[in-house]
Amino acid sequence: MPKTQPIADGITWVGICDPTLRDFHGFATPEGTSYNSYLVQGGLKTALIDSVNEQYVEEMLAKVSTLTPLYLIDYIIINHTEPDHGGGIRKLVEALPKAQILCTAGAEKAIAEFHGTDIKVRVVGADDSIDLGGKTLQFLPMPMVHWPDSMFTYVAESATLLCNDAFGQHIGGDVSRWADEYGIEPTLDALDLYYANILMPLGMPISRAIEKVVEKGWALDVIAPSHGLAWRGEHVATVLERYRKHLANEHGDSTVVIYSSAWHSTELIAEEIAKRIKASGHVVEMYDLGTTPWSIVTKAVMDAKGVIFGSPTLHNSMFYPMAGFLHYISVLKPATKVVAAFGSYGWSSGATKQMRASLEGMGFEMPCSDLQIKYRPLSSDASEIDNWVAEVMNAIY
Ligand code: FEO
């Protein structure tokens, strides 16, 4: 794991990698994550941009101390107070006695409410800048990218944007901190997963954030988020284009079948449906909520052209993994698209009705009837499934 890594002239990554993390507030992180802090050293002054999860503050400061004595650090820039970046603020204040905290008005409020009113800060806004001596920090409050307190910091002379959660990914392995050295496609995959599960409901604030950066006229040689890997050179345009696609809801052409199954009946129906979709010439992906992390299924929903949801009826209701998953995506607000519902039942049905209510409540289009199969699919159900899949494919495509 790199102890520190130069990011641009006078800017050094001093973050922490946590390759073993598998759950980030309910979001599966198969590659762990990193908490990225950056040390910006000018000719006169030094600033630490963002911090790390509280348990790693000492380790991060040990890295910083290989570059400068801690008592010489002049500023702590808090771009965001969520505990993965700001949970250790009190430890920072104690360890960096000279440093002044700079943050947004929203962060000032959050710090007081989270850590106590004795931690003093200086509020900065879009017209403020700090001269470190050949390195100028400029600030842009970015409410709701990801919290009301969020902010971007820009290092003008290095054309480097330190943008906290925006453009981040949960990649925490023992790798270079550059996306192009790790691999652009796998980094973009991780970026998509992060976007789907954290930023998807915040499209409007993110669009506004990008507009603000454009209005500022800031050149961008480096985009360095506070999770995962940084983007440089031609790949700055690559990542901006990926966000443009997400914000425009320009996604894939596949149909996704998502199901949970109690006694394999709904699973069998899902397989029958997928077989027919494939036979019709369309790309189909299947996800079992019993075995696939919801965060990965959520990315599939975001990327899909159409989605088909399946659940058995249990106690007159949909099966609890489906109920939980529908709640999970409801707050993430995926873009509207054509969806459909199916399921198995025994003596009373109820799952598809509940799924329909939930999905229509999220704004999805559901022009097709629900497919309900009693107990398990038999050969006598084949023509009903044929007709239903044809109807759904016609609605999606
Ligand atoms: Fe990485 Fe919203 O914190």
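All ligand and atom numbering here is 1-based and tracks the order in the structure.
Looking at Glu272 and Lys275, a side-chain N of the basic residue comes within less than 4.0 Å of a carboxylate O on the acidic one, giving a salt bridge. Glu54 and Arg90 are not joined by a salt bridge, as no carboxylate oxygen comes within less than 4.0 angstrom of a charged side-chain nitrogen. Salt bridge annotation for Lys353-Asp370: absent, with no cationic side-chain nitrogen under 4.0 angstrom from a carboxylate oxygen. At a threshold of 4.0 Å, the pair Lys91-Glu94 does not count as salt-bridged, since none of the basic side-chain nitrogens sits closer than that to a carboxylate oxygen.
Remark: the backbone N or O of Gly363 is paired with a side-chain donor or acceptor of Thr336 at under 3.5 angstrom.
Of all the N, O or S atoms in Glu82, the one closest to atom 2 (Fe) of ligand 1 is OE1. Looking only at its N/O/S atoms, His146 has ND1 as the one nearest to atom 2 (Fe) of ligand 1. The name of the N, O or S atom in Asp84 nearest to atom 1 (Fe) of ligand 1 is OD2.
At a cut-off of 2.8 Å, Asp165 coordinates atom 1 (Fe) of ligand 1 through an N, O or S atom. Between atom 1 (Fe) of ligand 1 and His80 there is no N/O/S contact shorter than 2.8 Å. Atom 1 (Fe) of ligand 1 has an N, O or S atom of His85 under 2.8 Å away, backbone or side chain.
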